[in-house]
Amino acid sequence: MEIALSQIQPQSRPDRLLLRTLKGETAPRPPFWLMRQAGRYLPEYREVRAQAGGFLDLCLKPDLATEVTLQPIRRYGMDAAILFSDILILPHALGQKVWFAEGEGPRLDPIRDQAGLDRLDVAHLEERAEPVYEAVRRIRAALPDPVTLIGFAGSPWTVATYMVEGAGSKEFLHAKGWAYKDPAGFQRLIDLLVETTVTHLSAQIRAGAEVVQLFDSWAGALAPAEFARWSIAPTRAIVRALRDKHPGVPVIGFPRGAGVGIQAYVEQTGVDAVSLDTSVPLDWAVSALQSRVPVQGNLDPMALVAGGPALRRAATDILSTLGKGPFIFNLGHGIVQQTPPEHVAELAHLIQEWPSSNQG
Ligand SMILES: Cc1c2[nH]c(c1CCC(=O)O)Cc1[nH]c(c(CCC(=O)O)c1C)Cc1[nH]c(c(CCC(=O)O)c1C)Cc1[nH]c(c(C)c1CCC(=O)O)C2
């Protein structure tokens with residue numbers, strides 16, 4: 001597997017820009033990476049994906065996971081690589097059956113009661129996820145020094161929705177039903193996910209992850225009291241435990257769709273930085289959030305599909321607003337498959353040349 005990174009322009013990636021931003025520095029141009037930066041929009045990803053067999057096989061073959069993690073870094077020179085894995089590796093490593101039906105998204109054998117919880121096998125988590133940690137070691141060894149390696153996990157609420165529904169969902173009938181009717185029982189699932197998420201992230205950090213991100217993709221589906229209990233409280237517990245074990249390793253939280261709830265999330269979880277979805281107004285983000293923590297985000301992935309003046313305008317707006325404080329340029333959600341790779345190159349160039357690329 002070819003892992004030379006010779007095409008990367010060293011001058012485009014000042015030393016450890018992402019880590020410095022997470023400590024509160026404001027750089028002349030912000031660091032950037034993109035959620036789902038490795039994925040089906042890249043022809044070289046599709047090639048490796050075909051070779052791997054299934055999607056989970058790709059996540060669990062360290063040589064292939066390493067290769068696809070490095071692909072976008074080679075092409076675009078992002079300031080950070082994110083481990084190529086999935087939030088559903090955790091339920092898989094807990095012994096729940098997880099598979100990806102081609103073209104349909106994730107499927108799991110649903111867990112809906114205490115008996116289902118009792119079948120989970122916490123003791124062998126690190127053994128079953130060992131290929132992921134091996135990938136982290138290989139990626140860190142292959143990355144140029146200035147590129148930061150980000151590990152990740154799903155937040156307990158978001159992972160619980162998949163474990164309970166058995167698939168992606170819009171309404172969360174079973175997960176919310178359990179949480180409303182039997183909060184003590186659902187709490188046991190959340191507590192188990194807090195504990196095992198700490199184990200999983202801690203193992204990634206020991207293997208070489210320098211920052212971790214918690215994806216709470218379905219935070220926005222929760223009413224305020226439930227958001228406090230199932231998103232904020234578990235996130236705070238994870239942040240505390242990680243800070244204890246790995247002081248100085250920043251945690252980025254991504255409470256997608258949480259709206260004004262993001263402010264309470266930032267104040268109460270202790271995350272080192274917050275990732276913003278596309279709906280978050282930039283001026284509000286500056287006053288309500290960036291005054292407290294570095295922010296990350298939040299270009300509409302569809303602006304990246306559109307390209308041209310719309311992309312330049314949207315990116316320039318974000319750079320000139322959020323870029324005045326500690327800021328990591330990213331998308332508001334993951335890159336979609338229909339994204340032309342040359343639009344990503346154009347965006348990378350705009351950010352790397354900022355502020356001189358600003359033509360008003
Ligand atoms: C909800 C969620 C999942 N996975 C993830 C989330 C949270 C973020 C979000 O809201 O998108 C997180 C995730 N998934 C993936 C990463 C890799 C790192 C990155 O580049 O950001 C990350 C951080 C790879 C992936 N995870 C997945 C892909 C596409 C799989 C493929 O190549 O076939 C990738 C690149 C699959 C996946 N995995 C999951 C879904 C809903 C899907 C889509 C199914 C599909 O598109 O068919 C669960």
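These numbers come from a predicted model, not from an experiment. Ligands are counted one by one from 1 in listed order, and the atoms in each one are counted from 1 as well.
If you look at Q213 next to ligand 1, there are no close heavy atoms at all, none under 4.0 Å. Contacts of L83 with ligand 1, taken as heavy-atom pairs under 4.0 Å, involve the backbone alone.
Residue Q37 approaches ligand 1 through these ligand atoms, each under 4.0 Å from one of its heavy atoms: 20 (O). Close contacts between ligand 1 and I82 involve ligand atoms 18 (C), 19 (C), 20 (O), 21 (O) [criterion: under 4.0 Å to a heavy atom]. Which parts of ligand 1 touch Y162 is read off a 4.0 Å heavy-atom cut-off, strictly below it: atoms 1 (C), 41 (C). Per-residue contacts place G105 under 4.0 angstrom from the following atoms of ligand 1 (heavy atoms of the residue considered): 44 (C), 47 (O). Ligand-side atoms of ligand 1 in range of M35: 21 (O), range being under 4.0 angstrom from any heavy atom. For ligand 1, the atoms lying closer than 4.0 Å to a non-hydrogen atom of F100 are 36 (C), 37 (C), 38 (N). Remark: ligand 1 atoms within the under-4.0 Å shell around heavy atoms of R40 are 29 (C), 31 (C), 32 (O), 33 (O), 45 (C), 46 (O), 47 (O).
Taking the charged nitrogens against the carboxylate oxygens, R29 and D79 do have a contact shorter than 4.0 Å, which makes a salt bridge.
Of the candidates R36, R49, Q337, it is R36 that places a heavy atom closest to atom 40 (C) of ligand 1.
Annotation: Y45 places an N or O atom under 3.5 Å from an N or O atom of ligand 1; distance criterion only. The distance criterion of under 3.5 Å between nitrogen or oxygen atoms is not met by T158 with respect to ligand 1. Polar contact check, S217 against ligand 1: a nitrogen or oxygen pair lies under 3.5 Å apart. Note: no N/O pair closer than 3.5 Å links R256 and ligand 1 by distance alone.
Ring centers of W354 and F329: at least 6.0 Å apart, outside the cut-off. F152 has its ring centre no less than 6.0 Å from the ring centre of H200.
When all heavy atoms are compared, the tightest approach of T69 to I82 is CG2-O, 3.4 Å.
One distance of note links CD of E210 with CZ of R140; it measures 4.5 Å at 0.5 Å rounding.
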